[in-house]
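In this text, all values refer to a predicted model and were calculated from it rather than measured experimentally. Letters go in sequence order (proteins before strands), and every chain restarts at 1.
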Amino acid sequence: MIDRKAFRQNFEVMQAGLARRNSDLVAEGSAWSKAKALDIAQRDIKAKSEALQAERNSVSKMIGEKKRAGEDVSDIMKKMGEAAKAVKVLDTQAKEAEEAFVSALMEIPNIPHHSVPDGADETSNVEIRRWGNPRQDEVPPHWDIGEALGILDFDAGVKLAGSRFSVIRGVGARLERGLMQFMLDMHVDQHGYEEVWVPAIANRKTLTGTGQLPKFEDDLYRLEGEDAFLIPTAEVPVTNLYQDDILNPSSLPIKHCAYTPCFRREAGSAGRDTRGMIRQHQFDKVEMVQLVHPDDALTTLDEITKHAAAILEALDLPYRVVNLCAGDIGFSAQKTYDLEVWLPSQSCYREISSCSSFGQFQGRRASIRFRSESGKPEAVATLNGSGLAIGRTLVAILENGWQADGSVIIPKVLRPYVGNLERIEAS
RNA sequence: GGAAGGGUGGCAGAGCGGCCGAAUGCACCGGUCUUGAAAACCGGCGAAGGUAAAACUUCCGUGGGUUCAAAUCCCACCCCUUCCGCCA
């Protein structure tokens, strides 16, 4: 959620920032433009309501005092009976106005940081750096490699659950599990994160705190008969571990990593990546989350990005870092670096990790605060990054490690996790 | 699923329809004392909106109701704990 004081005081600046995402966001009829009117209405009705409440409170107090003194108060009480009704009406209106204002605010995305490049879509993203030597020879797509080796079974996924589900078998399954362990171990042992194991189901409040709700309900799997959803990312439960808390500043930064399955309906991506396991309804991911002092948000973003990149480097997978443009960053994000891994079958880089700073946007929504230097509670800054998406990592390993004889070389650091196996061969 | 009990400030835990945003203890912050610390003593200490600062308003699980006045009374819902049942 954007800061409501800043919304009033820096309206023009924020509007310009928002428009960098998409000019529709500040157009007539947008949540942004509605919010301004709703704020004025809200303040106006509240002032009226509060004045009347103040009067009711003071008269009520007086009635109590007079009664105790034995005086007759029936006249005043009769008069207050009328006023009480008016209070109720105004109070209801004030609550509605406040609610309308807040729900408009909830629909407004975060303001992009000034270091985020201009642009409407991914074509304007800016490459920051590259690592590794991408192979340029002809490599089959991972689904052919995986099926030939007997470790990927897309038909089974369809049979069991539907399209965009898959089954991993044998060494492939062990590799999926090994990747998860390897990534968690690295973040815990070398990057200083505390591992947490969290529910894969979250309630409405939790999903609102990180920004998936109310706007993106269609992207989530909702549980029948309950106001709860399957999580689309570990970011949701892990960040919300601290919802409604006021943290001691000495406890910052808080660093967590977690493995969870992730569930996405992919409502808007029909026809994209329909083959293979690039885009699944269910996938595995190791996520890093940090809660930091607001001043440290951007430096921490660099740090998280390095932590994610360290996994790719350890696996010897070529990648590049991309600074997403204003039109391409997510709803809650202030700034995002994507890590894109080289996929030789497609001769291009594909997203494998997304590292974002949310500034205080989520901190305000989820009411995660710390006691600031002034003694007043202030929203923390939150960040997260995939470290990494496991299914896509498996894809990258299959393609980058593929040999002309059809086998796949397993990266050295993973071998201890798969019984010291050096390569995957057809059985 | 059945039964009982319970949701109050960071925690524990009082609370008669008005004098209750709320006793008390712990924790925390500042001070006295001390070489330093502990103890003891003194003082401070919830959040949100609002304001230049105040005033003022709201918040005792959530939503409604009764009343001039609700943490306190009534109704509904949610959650937690314990016991029973079921169960990885």
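For Tyr193(A), the ring pair (Phe, Tyr, Trp, His ring centres under 6.0 Å) test picks out His187(A), His307(A), with sequence neighbours left out. The side chain to side chain donor-acceptor pair (under 3.5 Å) search around Glu378(A) returns Gln360(A), not counting sequence neighbours. Under the rule for a side chain to side chain donor-acceptor pair (under 3.5 Å), the partners of Ser356(A) that lie at least two apart in sequence or sit in another chain are Thr336(A). For Asn125(A), the side chain to side chain donor-acceptor pair (under 3.5 Å) criterion is met by Asp328(A), not counting sequence neighbours. Arg415(A) pairs by the side chain to side chain donor-acceptor pair (under 3.5 Å) definition with nothing, not counting sequence neighbours. Under the side-chain contact (heavy atoms from CB on, under 4.5 Å) criterion, Ser386(A) pairs with Lys285(A), Glu287(A), Ser353(A), Ser354(A), sequence neighbours left out.
Nucleic acid contact class of Arg369(A) (heavy atoms, under 4.0 Å, all strands): sugar-phosphate only.
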Distances for protein N or O near nucleotides 71-75 of chain B N or O, under 3.5 Å:
none

Give me, pair by pair, the N or O atoms of the protein and of nucleotides 51-55 of chain B that are less than 3.5 Å apart, along with how far apart they are.
| residue | atom | partner | partner atom | Å |
| --- | --- | --- | --- | --- |
| U51(B) | OP1 | Arg43(A) | NH2 | 2.9 |

Strictly under 3.5 Å: I want the nitrogen or oxygen pairs between protein and nucleotides 62-70 of chain B, one per line.
| residue | atom | partner | partner atom | Å |
| --- | --- | --- | --- | --- |
| U66(B) | OP2 | Lys88(A) | NZ | 3.3 |
| C68(B) | O2' | Ser60(A) | OG | 3.2 |
| C68(B) | N4 | Lys67(A) | NZ | 3.2 |
| A69(B) | O4' | Ser60(A) | OG | 3.2 |

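Pairs of residues two or more places apart, or lying in two chains, never qualify as ring pair (Phe, Tyr, Trp, His ring centres under 6.0 Å) while including a residue from residues 75-119 of chain A. Within the structure, side-chain hydrogen bond (donor to acceptor under 3.5 Å, both in side chains) contacts touching residues 269-278 of chain A (residues at least two apart or in different chains) are Glu266(A)-Ser269(A), Asp273(A)-Arg279(A), Asp273(A)-Arg350(A).
With P as the reference atom, U62(B) and U67(B) are 23 Å apart, rounded to whole Å. A gap of 11 Å separates the P atoms of U72(B) and C16(B), to the nearest Å. To the nearest whole angstrom, the two P atoms, one in C26(B) and one in C77(B), are 42 Å apart. Comparing G2(B) with A76(B), their P atoms are spaced 16 Å from each other, to the whole Å. Taking atom P in both U24(B) and C75(B), the straight-line distance is 33 Å, to the nearest Å. G21(B) and G31(B) have their P atoms separated by 33 Å, given to the nearest Å. A distance of about 14 Å separates the C1' atoms of A27(B) and G46(B), rounded to the whole Å. Taking atom P in both C73(B) and U57(B), one finds a spacing of 24 Å when rounded to whole Å.
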Stepwise ring pair (Phe, Tyr, Trp, His ring centres under 6.0 Å) check, Tyr221(A) with Phe229(A): CA-CA 6 Å; Tyr221(A) 286 102; Phe229(A) 306 78; over 10 Å; no
Derivation of the ring pair (Phe, Tyr, Trp, His ring centres under 6.0 Å) call for His281(A) and Phe263(A): CA-CA 5 Å; His281(A) 287 309; Phe263(A) 302 90; over 10 Å; no
Full working for side-chain hydrogen bond (donor to acceptor under 3.5 Å, both in side chains) between Asp302(A) and Thr305(A): CA-CA 5 Å; Asp302(A) 290 340; Thr305(A) 307; 5.4 Å; no
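With the nearest nucleotide of RNA chain B identified for both Arg371(A) and Ser49(A), Arg371(A) has the one nearer the 5' end.
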Pair pattern of RNA chain B in dot-bracket, where unpaired bases get dots and | marks partners in another strand, Watson-Crick or G-U under 3.5 angstrom: ((((((((.[[[..)..(.....]]].(((((.......))))).((((......)))).[[[[[..)....]]]]])))))))....
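Per the geometry, CD belonging to Glu226(A) stands 13 Å off C1' belonging to C79(B), to the nearest Å. Atom CZ in Phe101(A) sits about 11 Å away from atom P in G49(B), given to the nearest Å. Distance NZ (Lys376(A)) to P (G50(B)): 13 Å, rounded to an integer number of Å. Rounded to a whole Å, the CG atom of Leu90(A) is 15 Å from the P atom of U57(B). Separating the CD1 atom of Ile246(A) from the P atom of A47(B) is a distance of 6 Å, rounded to the nearest angstrom. Straight-line distance from the CG atom of Leu247(A) to the C1' atom of A47(B): 15 Å, rounded to whole Å. G50(B) atom C1' lies 16 Å from atom CD1 of Ile40(A), rounded to whole Å. Between Asp227(A) atom CG and C79(B) atom P there is a gap of 11 Å when expressed in whole angstrom units.
Side-chain contact annotation: Ser357(A) with Gln334(A), donor-acceptor N/O pair under 3.5 Å present. Under 3.5 Å, the side chains of Gln93(A) and Ser49(A) contain no donor-acceptor pair of N or O atoms. In summary, the side chains of Thr299(A) and Glu303(A) do not present any donor paired with an acceptor at a separation below 3.5 Å, with no hydrogens or angles considered.
Ring geometry for His256(A) against Tyr242(A) counts as parallel: the plane angle stays under 30°, on a 0 to 90° scale with 60° as the upper cut.
Note on Gln53(A): every side-chain N or O is 4.0 Å or more away from OP1 and OP2 of C56(B).
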